[in-house]
Number of protein chains: 2
Amino acid sequence: MTDQPLEPEFPLKPAQKKGVSKAAFRRLPHYHQIVSAYEGLGRRYISSKELSQILDINETLVRKDMADLEIRGRQNQGYAIEVMKRAIEDYLGLQDSTDALIIGAGHLGKALALYHGFEQYGLRIAGILDNDPGKIGSYVGPHEVLSVFRLASTIERKKIKLIVLTVPRPSAQEVTDIAVGAGVRAIWNFTPTELRVPEQVRVRNEQIIAGFMTLSYFLKNLNVPEEIPEAAE
Amino acid sequence: MTDQPLEPEFPLKPAQKKGVSKAAFRRLPHYHQIVSAYEGLGRRYISSKELSQILDINETLVRKDMADLEIRGRQNQGYAIEVMKRAIEDYLGLQDSTDALIIGAGHLGKALALYHGFEQYGLRIAGILDNDPGKIGSYVGPHEVLSVFRLASTIERKKIKLIVLTVPRPSAQEVTDIAVGAGVRAIWNFTPTELRVPEQVRVRNEQIIAGFMTLSYFLKNLNVPEEIPEAAE
DNA sequence: TAGATTGTTAATCGATTAACAATC
DNA sequence: TAGATTGTTAATCGATTAACAATC
């Protein structure tokens, strides 16, 4: 195993004075979610105080994050929701669509393939592949399940840059190697595996069990006398 | 919306000199995954150097994390994999089992209910509920889908402390309120919603789209001249 | 106006890393 | 032994927060 970021989520220019810090970068999806919800409620503005309360972080931190994103607020009103949402989307490149191939048509792969809600972030499922002859040729929503033997050719033909890995652990590295060889640059990894990839390829590990672990710790320490701290990160 | 941790994952005693820092706490699932994989390969020891390379963090940081967890290494050999795995599991309470109810028998809810691999972390699916009459009474693996009207009574009868939320966004808060009223203390939230909960209840937001956002940023900036930084966090 | 709010700087806090001693 | 490695302390770095000026 070689070098592989624990979390690949950070700005590409972290050294610069101006710009978004790693920590701020990680908060962007949360900001986006909140303003999306507020937009749905018909709200036009949101203050740093409101945002800070929802996220349970310091009010000043919200203002600093906005300043770093070059999102300007209005005295007495807060930040314009439309502006903020758009700025985050622009920053993350969510306006341009991204085609992805799902590898593994198991329960999770199917759930991801059928999820409505990715489109609004520019994520388009371009196909789904599996190695099970019993699944190949069947349909998952509009997508015919392709043989994983067609992985490289499909990536090349469709110029796919992102794959979503939901295969069993033992095949994860093998599939990764093929995909990387065919030109993939990013891997959304739902398998419990630390993948080895060349440095020009980015991996995001969606280690779902990690979420449970944090809750387990909390549940097993419910009776610890110490007060529970306000916030993490 | 009121106070709600952005990430609820941190030790309960962060102020103390001795103990695991928030940042280290977040690395525990990764350490655990790596040593599990190494154990599967028949390895007995792993050095801080190996761990640091896989995680792409500094070697000293690994040793500091181990010291904070009170895991002792051996000169010239590194850390005993069995000891390390066990220590992390003990720390997180993964040895004691946790019963959870899945709310929402959609694609994701079913995928989680059917996932084999939670058991090894002590997570047991105690049932699955939905509000769709077409689903109620059907089976997801060994579990009969129950009406969500039985949520409170099921929580109380089975003394459930954790629910897994995979309902559509509009129902998320309502279901949460019922579950919290019935005594639930932790919510594993897969809906794109910032839930309001009393402070004794912990929420872990599994905002899956966040992972895509980080990859989107990377993919949209492939041609940025600046060198790509080594690691995040 | 007073109050609410943003925006910025400096101070503080927490996490990481460098340096190095210890030891098998 | 020399080399590999852990363990610890102090220095550095980065992120958060407090303080406060600006302004609508």
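Below, chains carry the letters A, B, ... as their sequence lines are ordered, and counting in each starts from 1. Given the structure is predicted, the values throughout are model-derived calculations rather than measurements.
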Between D:dG14 (C1') and B:Leu61 (CG): distance, integer Å: 14 Å
Qualifying residue for side chain to side chain contact (heavy atoms under 4.5 Å, CB included) with A:Phe190, from A:Leu112, A:Val167, A:Ile102: A:Leu112
Whole angstrom value for the distance that separates P of D:dA15 from CZ of A:Arg27: 9 Å
Integer-rounded Å distance: C:dT8 P and A:Glu59 CD: 16 Å
Options C:dT8, C:dT6, D:dT8, nucleotide nearest the side-chain atoms of A:Gln75: C:dT6
Side-chain ion pair, A:Lys85 and A:Glu39, N-O less than 4.0 Å: yes
Distance, rounded to the nearest Å, where A:Lys22 contributes NZ and D:dG14 contributes C1': 9 Å
Closest-nucleotide 5' rank along DNA chain C - winner of A:Ile46 and B:Ala24: A:Ile46
Gap between atoms CZ and P, on A:Arg63 and C:dT9 respectively (whole Å): 14 Å
Side chain of B:Ser47 - closest among C:dT6, C:dT8, D:dT5: D:dT5
Proximity of A:Phe212 and B:Phe118 rings by center, below 6.0 Å: no
Residue A:Arg72, side-chain heavy atoms: nucleotide from D:dT17, C:dT8, C:dT17 that is nearest: C:dT8
Pair A:Arg63, A:Ser48: side-chain N/O donor-acceptor within cut-off below 3.5 Å: yes
D:dT23 - base-pair partner by Watson-Crick or wobble geometry, distances under 3.5 Å: C:dA4
Nearest-Å distance for atom pair CG/C1', residues A:Asp68 and D:dA15: 11 Å
Length of the line joining A:Asn58:CG and C:dT12:P, which is rounded to integer Å: 16 Å
Watson-Crick/G-U partner (both atom distances under 3.5 Å) of D:dT9: C:dA18
Separation of atom NZ in B:Lys64 from atom C1' in D:dG7, rounded to whole Å: 11 Å
5′-ward residue of the pair B:Ile71/A:Asp65 relative to DNA chain D: B:Ile71
Any A:Tyr45 side-chain nitrogen or oxygen under 4.0 Å from OP1 or OP2 of D:dC24: no
Presence of B:Thr60 side-chain N/O under 4.0 Å of C:dT17 phosphate oxygens OP1/OP2: no
Donor-acceptor side-chain pairing of B:Thr98 and A:Lys220 below 3.5 angstrom: yes
Closest nucleotide among C:dT5, D:dA15, C:dT16 to the A:Asn76 side chain: C:dT5
